[in-house]
Amino acid sequence: MSDLNKLGLAEARDALRKGDTTSAELTAACLTAIDGAGALNAFVHHTPEIATAQAKAADARIKAGDAPAMCGLPIGIKDLFCTKGVPSQAGSRILEGFLPEYESTVSGNLLEAGAVMLGKLNMDEFAMGSSNETSVYGNAVNPWKVDDRALTPGGSSGGSASAVAADLCLAATGTDTGGSIRQPAAFTGITGIKPTYGRCSRWGIVAFASSLDQAGPMTKSVRDAAIMLEAMCSHDPKDSTSADLPVPNFEAMLTGDIKGKKIGIPAEYRMDGMPGEIETLWTRGADMLRDAGAEIVDIALPHTKYALPAYYVIAPAEASSNLARYDGVRYGHRAKLDQGDGITEMYEKTRAEGFGDEVKRRVMIGTYVLSAGFYDAYYNRARKVRTLIKKDFEDVFAAGIDAILTPATPSAAFGLGEAWDDPVQMYLNDVFTVTVNMAGLPGISVPAGLDAQGLPLGLQLIGRPWEEGDLLNTAYALEARAGFVAKPGKWW
């Protein structure tokens, strides 16, 4: 078999079990691809020795007939996940040199399932960004290109998206606070699912906004997403928000049969200035699901327009609280001090050097909205809006809607640097995705077409809480009819 790194998880798993290849061969193919893809800047911490040892162990398990779901499959891990003995910086200078003494629950679950870790992937600093341009490592680059323009792979899981789309790994972990799995997946022509809040443990994942953050897989197909999500999920007593629910066999639920399912089309997602290509793709997606036997229903989510401003109050507020732990005292970067400097000066200098501009911006916004005199006017009001957004979805699902179809992003991938000096324009990239995090629901982005420039566009499906299996099956039916097989031409 040639081009082993181009396989998806399901194909590679089946090839391993048939004896057509070995994990060592798969891993070597990925490591070679990574070595030749420096221009993408997707992997920021390489672990070839660890990967080679894990592949060897996986081959022994397969030979012994002890092969769990992810056994021998090489993947990348977003730098937000703490990995034992491997640098885990969350894309920030302030965590420079941090080597965790523990493994995050999600990455630990994957390793227990036999996955092979190729290394850590680039990301926006502390997951704050929509273009991967806030990373201390420099930006990751989208493998898709138009007229020699360097394009963003999206954010914050930009390195994960770029690596999967460029076949540097078979799949990757991502995290999603306001769209950070689904937006990069749409920009790079891959699949990404954010499960229900609480389905995957947050323990050992560097916190951005604790009530919104959720881990999920970024893969080459819906089937691959189902395989990897099952391996990632578990109840975790170390995370008080982790759900004590059984984890279904998501792959077994992929029948493609969605006859009689009701798919909602929310009027509020038809925004002023929406590009015609996005509108056309959305309409075509509804037609595909109708062709699969689903009923398309117009629905109302009346508080949608308040979601983005409420999100950009709640998320920075939680970030300002979470990031207060980074002070240069116990771990990470510490600024050099002048004679006579005290503890206050050390905090100030360390944080000034350690945090990037976007992180500072959000910390200041968050601190402001939590301050005396503004707490009720901003933070509490945003929390009330969040409750209304959640109720909108509850009402729609109570009325019999099984899933909701929307665009994943307001545009295809944009050029690096094009929106850098306009934070509001950058924040608008999350306009279709933040409602899902605010309501704690599962959402998936599926590649569904190309724009006029030949860049991928994604469609988003939003599901009922805890029903990722049904959501994946609906996405499976959509994927089959979209027939998206385009790949970026190799230029790196």
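Residue numbers run from 1 in the order of the sequence given.
- Between Ile181 and Ser445 there is no side-chain heavy-atom pair separated by less than 4.5 Å.
- Ring to ring, Tyr331 and Phe98 are close: their centroids are under 6.0 angstrom apart.
- When Ile190, Asp167, Thr191 are each tested for a side chain to side chain contact (heavy atoms under 4.5 Å, CB included) with Lys220, only one passes: Asp167.
- Counting heavy atoms of neighbouring residues, nucleotides and ligands inside a 6.0 Å radius, atom CD of Glu112 does not exceed 12 of them.
- Salt bridge status for Asp66 with Arg61: present, with a side-chain N to carboxylate O gap under 4.0 Å.
- Of the options Val44, Asn122, Asp79, a side chain to side chain contact (heavy atoms under 4.5 Å, CB included) to Ser135 is made by Asn122 and by none of the others.
- A donor-acceptor pair shorter than 3.5 Å can be found between the side chains of Asp430 and Tyr312.
- One finds the CG atom of Leu31 at 9.5 Å from the CD atom of Glu49 (value rounded to the nearest 0.5 Å).
- For the residue pair Asp59 / Ser23, no side-chain donor-acceptor distance below 3.5 Å is found, with atom types taken as modelled.
- Between Ser210 and Tyr197, the closest heavy-atom pair is O-OH, 2.6 Å.
- Counted by atom type alone, Ser211 and Glu318 present one or more donor-acceptor pairs between their side chains at under 3.5 Å.
- The closest side-chain heavy-atom distance from Val363 to Phe126 is not below 4.5 Å.
- Side chain of Asp213 to backbone of Phe208: a donor-acceptor contact under 3.5 angstrom is found.
- The backbone N or O of Asp470 lies less than 3.5 Å from a partner atom in the side chain of Thr474, making a donor-acceptor pair.
- Side chains of Thr21 and Leu16 form a contact here, defined as non-hydrogen atoms less than 4.5 Å apart.
- Between Arg383 and Thr387 the shortest side-chain heavy-atom distance does not fall below 4.5 Å.
- At least one side-chain heavy atom of Ile75 sits under 4.5 Å from a side-chain heavy atom of Ile77.
- Heavy atoms only, all atoms of each residue included: Lys194 and Gly440 are closest at NZ-C, 4.2 Å.
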Output, in order, the C-alpha distance, side-chain angles, deciding distance and verdict of ring-ring contact (aromatic ring centres under 6.0 Å, His included) for Tyr347 and Tyr326.
-> CA-CA 9 Å; Tyr347 285 168; Tyr326 304 112; over 10 Å; no
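- With Met232 as reference, Cys200 is the one residue of Ser107, Cys200, Ser201 to meet the side chain to side chain contact (heavy atoms under 4.5 Å, CB included) rule.
- The heavy-atom pair separating Pro100 from Val86 by the smallest distance is CD-O, 3.3 Å.
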Ile94 and Thr350: CA distance, side-chain angles, deciding distance, side-chain contact (heavy atoms from CB on, under 4.5 Å) verdict | CA-CA 8 Å; Ile94 207 160; Thr350 295; 4.3 Å; yes
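- For the pair Ser162 (side chain) and Pro153 (backbone), a donor-acceptor distance under 3.5 Å is absent.
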Go through Leu110 and Thr173 one step at a time and tell me if the side-chain contact (heavy atoms from CB on, under 4.5 Å) criterion holds.
-> CA-CA 10 Å; Leu110 289 166; Thr173 63; 3.5 Å; yes
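- With Glu125 contributing its side chain and Gly91 its backbone, the two residues share no donor-acceptor pair below 3.5 Å.
- Ion pairing of Arg202 with Asp239 is present here, as a side-chain N (NZ or NE/NH1/NH2) and a carboxylate O approach within less than 4.0 Å.
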Passes ring-ring contact (aromatic ring centres under 6.0 Å, His included), Tyr102 versus Trp203? Steps please.
-> CA-CA 10 Å; Tyr102 53 89; Trp203 193 84; 5.4 Å; yes
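- Side-chain contact between Phe187 and Thr409: present, with at least one pair of heavy atoms (C-beta onward) separated by less than 4.5 Å.
- In terms of heavy atoms, Leu170 sits closest to Gly8 at CD1-O, 4.3 Å.
- The shortest heavy-atom contact between Val446 and Ala475 is CG2-CB, 3.8 Å.
- Note on Asp338 versus Lys349: salt bridge recorded, some NZ/NE/NH1/NH2 to OD/OE distance being below 4.0 Å.
- Between Ser88 and Lys120, the shortest heavy-atom contact is OG-NZ, 2.9 Å.
- In this structure, CG on Asn5 lies 5.5 Å from SG on Cys30, to the nearest 0.5 angstrom.
- Remark: Arg351 CZ to Lys360 NZ distance equals 12.0 Å, nearest 0.5 Å.
- The closest side-chain donor-acceptor pair between Asn142 and Thr188, if any, does not fall under 3.5 angstrom.
- Ser131 and Thr152 form no side-chain donor-acceptor contact under 3.5 Å, judged by distance and modelled atom types alone.
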side-chain contact (heavy atoms from CB on, under 4.5 Å) evaluation trace for Leu472 with Met253 = CA-CA 8 Å; Leu472 284 159; Met253 300 174 78; over 6 Å; no
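- Going from atom CZ of Arg199 over to atom CD of Glu230 covers 10.0 Å, rounded to the nearest 0.5 Å.
- Remark: the backbone N or O of Ser130 is paired with a side-chain donor or acceptor of Gln183 at under 3.5 angstrom.
- Two residues are said to be in side-chain contact when any heavy atoms from C-beta on lie closer than 4.5 Å; Phe374 and Val369 fail this criterion.
- Between the side chains of Ser180 and Ser157, no donor-acceptor pair of N or O atoms lies under 3.5 Å.
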Going through the checks in order, is the ring-ring contact (aromatic ring centres under 6.0 Å, His included) test met by His333 and Phe355?
-> CA-CA 10 Å; His333 175 75; Phe355 291 140; over 10 Å; no
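- Of the possible polar contacts, none joining the Arg93 side chain to the Gly354 backbone as a donor-acceptor pair under 3.5 Å is found.
- When the shell of 6.0 Å around NZ of Lys487 is examined, it contains more than 12 heavy atoms from other residues, nucleotides or ligands.
- For the residue pair Thr433/Gln460, the side-chain donor-acceptor check at 3.5 Å is not satisfied.
- Two residues are said to be in side-chain contact when any heavy atoms from C-beta on lie closer than 4.5 Å; Thr406 and Leu459 fail this criterion.
- Remark: the backbone N or O of Pro143 is paired with a side-chain donor or acceptor of Trp491 at under 3.5 angstrom.
- A donor and an acceptor atom, one from each side chain of Asp124 and Thr134, are located under 3.5 Å apart.
- The residues Arg182 and Asp176 are annotated as salt-bridged, a charged nitrogen and a carboxylate oxygen being separated by less than 4.0 angstrom.
- Put simply, CG on Leu455 and CH2 on Trp144 are 7.5 Å apart, with the number rounded to the nearest 0.5 Å.
- Between Tyr137 atom OH and Ser92 atom OG the span is 8.5 Å, to the nearest 0.5 Å.
- Judged by distance alone, with hydrogens and angles left aside, the side-chain atoms of Thr219 form no donor-acceptor pair with the main-chain N or O of Asp224 at under 3.5 Å.
- For CZ of Arg381, the number of neighbouring non-hydrogen atoms (other residues, nucleotides, ligands) closer than 6.0 Å is 12 at most.
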With side-chain contact (heavy atoms from CB on, under 4.5 Å) as the test, would you mind laying out the steps for Met117 and Thr83 before giving the verdict?
-> CA-CA 10 Å; Met117 184 180 75; Thr83 44; 3.9 Å; yes
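- Using modelled atom types, no side-chain atom of Arg223 and backbone atom of Ala10 make a donor-acceptor pair closer than 3.5 Å.
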